[in-house]
Undergrad: 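This structure is in structure tokens; I'll ask about it shortly.
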Amino acid sequence: MDIQENTQEKPLDFIRQIIADDLRTGKHTGTVTRFPPEPNGFLHIGHAKSICLNFGIALENNCPCHMRFDDTNPSKEESAYVESIMRDVKWLGFDWGKNLYYASDYFDQLYEYAVRLIQLGKAYVCDLTGEQIREYRGTLTEPGRESPYRNREAAENLDLFQRMRNGEFEEGSRVLRAKIDMASPNVNMRDPVIYRILKVSHHRTGDKWCIYPMYDYTHCLSDAIEGITHSLCTLEFEDHRPLYDWVLDILKTPCHPRQIEFARLNLTYTIMSKRKILQLVNGGHVQGWDDPRMLTISGLRRRGYSPASIRNFCNLIGIGKKESWIDMGILENAVRDDLNETAPRVMGVLEPLKVIIDNYPEGQVEEMEAQNHPQRPEMGTRMLPFAKELFIERSDFMEDPPKKFFRLGPGREVRLRYAYLIRFVSLVKNEATGEIQEIHCTYDPATKGGTTPDGRKVKGTIHWVSAAHALTCPVRLYDRLFLVANPDAEKDVDFKTYLNPDSMQILDNCRVEPILADMEPGTRVQFERQGYFCLDQIDSQKSRPVFNRIVTLRDSWVKEQAKE
RNA sequence: UGGGGCGUAGCCAAGUGGUAAGGCACCGGGUUUUGAUCCCGGCAUUCGCAGGUUCGAAUCCUUCCGCCCCAGCCA
């Protein structure tokens, strides 16, 4: 599959326009972008937007995109996350080649740069407590006050900073601050902390350091060290850009990347923050980070979303600065579009209702040829066993159907897909419950394969499986995790209030074609007339498949019913 | 009430002074052995509001309104 699909004729987004200009004017001869996750959690669909942007630009320009872990806070970060992030990015279809970096690789250089800052009189060691620093910072409307330690001599700062590094001071007792402007209307410029003492071992550097650089200081320098041309981040960093530029200007780095901010992804009927996702996992509301209802990359993968569908989705929604809410339907459509092209068709009965063909010979089995994809004959055909006892979908029969119901009912005839036309004869009910137990039909032997040699029309075609040959298996029907478009909308209502109690429905008496016994976990198929399903990669066993519903097919019948 | 951003259809989104692309949703119709797919048609006299400049404004200017972000030794 061409990973640059659909990127051609579209108008350029504002970032790609800037890049095109930079290339045209000769400011740059190529691009170097980067995806800089912090290894403190799992990637989700929002990260996919950034991944597709950064790696997409790289692909379009035949240039590198760096994978860089922003690992400057060892108290929150773990190598397990590093592994899962790399796996997810690869699964999405992107390749950073040799360009794997860690901000922690730059700790020595970052330290030297900090020393340089001190020598230039642009940084100082501050002994204020955290609380005092906050007080001195002022408020959004009032300027801050200068720290009493602000005017220490370079020599003293150098000595103190060295001793911070040596571990002579307690955590929290001192920090290194950039000396900028305590009266700046931008609070990020009011002498931001750039180094803090953290007596914690780091997942990569172990106990080599007990001081760690802060994001604002680290990120711009990491970008500069790597020769990044365009440093793309989300809107909330807009206010940090002056600091990004300040550090690089003061230090006169040979490379000064341009930071450009774009709006993060918001999707309806879900939540995107790491913190809230964590609450769902820890609170047992879902079954883990890879729960198929979650929009983590691992959840989407387990659900059965294809990488191409996620890339297409990211491509579709565009890049801009407007904070927008993308309808979940767009994501669902993106998988439908992809799977419609690629998924083989099979038949599966979710809620079986037994059908007995009265005039079909006892013990006879016929093989019916079925297409694996009606629009793509090159995908071949398969044989379906047909016999006297079948299962059809319970919802495909109605005792007293409305006129527009095109399926089976008293007096009606339907086509069994790829098999025969059958006509209703009678039904048997459970005396006690009133539930329909089985229905009896006759078939027309002249309609083998579902054809009508006499040219008669039947409105409905339904799916079926042979009772004796079908495989019984569980199917998990997933639905949206939340009942409302924006579970976060009200400040004083817990988002978990809006959890959809029916987001997962397990059916364990489903009947599917025997061919599915041999398919690999992870395989995606379309159950005709129902939706796209994926063999669960963890719970499926040989001859005992477990299916996850990825997404339903569009269904104009439910729409029709809703009109009443 | 400080600073930084953003307002084009129900939801996204092009548009960069020359008369509102496209997608989703929705509404019609056609094809169909999946009520799927596919195909055709409809869907903003108007771009947050009000003024101004101009032959001409979503695009330029001014005022106002609304929404988002920022006061971690998180990223």
Side-chain angles (χ1 to χ4, degrees), chain A residues 9-13 17 36-38 40 70-73 75-77 126 128-130 133-135 137-144 171-177 184-190 192-198 211-212 214-216 218-219 233-242 261 263 268 274 316-330 332-334 336-337 340-341 345 347 370-371 373-375 404-407 415-419 421 447 449-452 458-463 485 526-531 552-560:
Chain A
E9 322 78 25
K10 284 189 64 180
L12 298 181
D13 58 67
Q17 278 179 36
E38 182 190 13
N40 71 341
D70 224 328
D71 55 351
T72 58
N73 186 353
S75 60
K76 292 185 173 179
E77 297 151 6
C126 181
L128 256 24
T129 64
I133 286 180
R134 181 159 27 89
E135 284 163 14
R137 189 155 32 224
T139 69
L140 295 178
T141 51
E142 304 156 39
E171 224 175 79
S173 62
R174 278 180 236 260
V175 293
L176 184 70
R177 292 227 253 170
S184 172
N186 180 347
V187 292
N188 293 122
M189 300 297 272
R190 320 238 263 227
V193 172
I194 58 176
Y195 265 93
R196 78 287 214 188
I197 299 168
L198 245 31
I211 55 171
Y212 293 94
M214 299 284 288
Y215 166 85
D216 285 308
T218 307
H219 204 88
C233 62
T234 42
L235 252 29
E236 67 271 28
F237 291 104
E238 222 152 12
D239 288 340
H240 296 241
R241 189 172 14 145
E261 311 84 11
T268 57
K274 279 184 191 172
L316 214 57
I317 58 177
I319 300 291
K321 300 197 70 157
K322 186 167 76 178
E323 197 157 313
S324 59
W325 283 84
I326 306 293
D327 197 294
M328 182 68 93
I330 305 280
E332 293 169 344
N333 257 322
R336 288 193 186 104
D337 284 351
N340 178 46
E341 295 296 320
R345 266 106 244 237
M347 292 201 279
Q371 291 177 279
H373 190 127
Q375 281 77 40
K404 284 185 173 174
F405 185 79
F406 304 146
R407 309 170 191 181
R415 170 164 35 233
L416 294 177
R417 177 91 157 147
Y418 299 124
L421 267 58
T447 59
T451 55
T452 51
V458 273
K459 205 73 164 121
T461 297
I462 65 175
H463 59 277
Q526 182 197 92
F527 285 176
E528 291 207 25
R529 305 207 302 133
Q530 309 208 94
T552 62
L553 252 33
R554 283 198 191 86
D555 189 346
S556 58
W557 169 237
V558 303
K559 218 179 275 178
E560 186 64 38

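Lettering of chains follows the sequences in order, A, B, ..., and the numbering in each one begins at 1.
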Undergrad: So A/H240 and A/Y215, would you call those rings parallel, tilted or perpendicular, with 30° and 60° as cut-offs?
TA: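 Ring orientation, 0 to 90° scale: perpendicular.
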Undergrad: Examine B/G72: is either OP1 or OP2 under 4.0 Å from a nitrogen or oxygen in the side chain of A/R137? Give yes or no.
TA: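 A/R137 to B/G72 OP1/OP2: side-chain N or O found under 4.0 Å.
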Undergrad: Of the nucleotides B/A71, B/A75, B/U16, which one has an atom closest to the side chain of A/Q17?
TA: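 Minimum distance to the A/Q17 side chain belongs to B/U16.
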Undergrad: Any base atoms under 4.0 Å from A/L128, or only sugar-phosphate, or nothing? Heavy atoms, all strands.
TA: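 It contacts base atoms.
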Undergrad: Who is the Watson-Crick or G-U wobble partner of B/C26, with both distances under 3.5 Å?
TA: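 Answer to the pairing question: B/G42, which forms a Watson-Crick or G-U pair with B/C26.
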Undergrad: Starting the side chain at C-beta, find the nucleotide from B/G23, B/G7, B/G72 nearest to A/I330.
TA: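 From the listed options, B/G23 comes nearest.
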Undergrad: Between B/C74 and A/S75, is there an OP1 or OP2 to side-chain N/O distance shorter than 4.0 Å?
TA: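 Checking B/C74 against A/S75, no side-chain N or O comes under 4.0 Å of OP1 or OP2.
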Undergrad: Of the candidate nucleotides B/A75, B/C26, B/C70, which contains the atom at the shortest distance from the side chain of A/K559?
TA: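 Ranking B/A75, B/C26, B/C70 by closest atom to the A/K559 side chain puts B/C26 first.
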Undergrad: Less than 6.0 Å separating the ring centroids of A/W557 and A/F406?
TA: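 Not close enough - the centres of the two rings lie 6.0 Å or further apart.
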Undergrad: Using a cut-off of less than 4.0 Å, is there contact between a side-chain N or O of A/R345 and OP1 or OP2 of B/A36?
TA: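 For B/A36, neither OP1 nor OP2 has a side-chain N or O of A/R345 closer than 4.0 Å.
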Undergrad: Tell me which nucleotide among B/G7, B/A36, B/C73 gets nearest to the side chain of A/V175.
TA: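 Nearest to the side-chain atoms of A/V175, counting from C-beta on, is B/C73.
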Undergrad: By nearest atom, which of the nucleotides B/C24, B/G4, B/U34 is closest to the A/D239 side chain?
TA: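 Of all the options, the side chain of A/D239 is nearest to B/G4.
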Undergrad: Any salt bridge between A/K76 and A/E38, counting N to O under 4.0 Å?
TA: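 Salt bridge absent between A/K76 and A/E38.
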Undergrad: Has A/Y215 got its ring stacked on B/A75, by the test of a centre gap below 5.5 Å and a plane angle below 30°?
TA: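 Not stacked by the 5.5 Å and 30° rule.
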Undergrad: Of the options B/A71, B/C11, B/C12, whose atoms approach the side-chain atoms of A/I326 most closely?
TA: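 When the side chain of A/I326 is considered, B/C12 is the closest of B/A71, B/C11, B/C12.
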Undergrad: Report the nucleotide, chosen from B/C12, B/A75, B/C11, that has the shortest atom-to-atom distance to any side-chain atom of A/H240.
TA: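 My answer, after comparing the listed nucleotides, is B/A75.
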Undergrad: Taking atom C1' of B/G22 as reference, at what distance in whole Å does atom CG of A/D337 sit?
TA: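 Checked: the CG to C1' distance equals 15 Å.
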Undergrad: Syn or anti for B/G72, given that syn means the glycosidic angle lies within 90° of 0?
TA: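 B/G72: syn glycosidic orientation.
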Undergrad: Would the base of B/U34 count as contacting A/Q371 through its side chain, where contact means a donor and an acceptor less than 3.5 Å apart?
TA: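 No, the side chain and the base share no sub-3.5 Å donor-acceptor pair.
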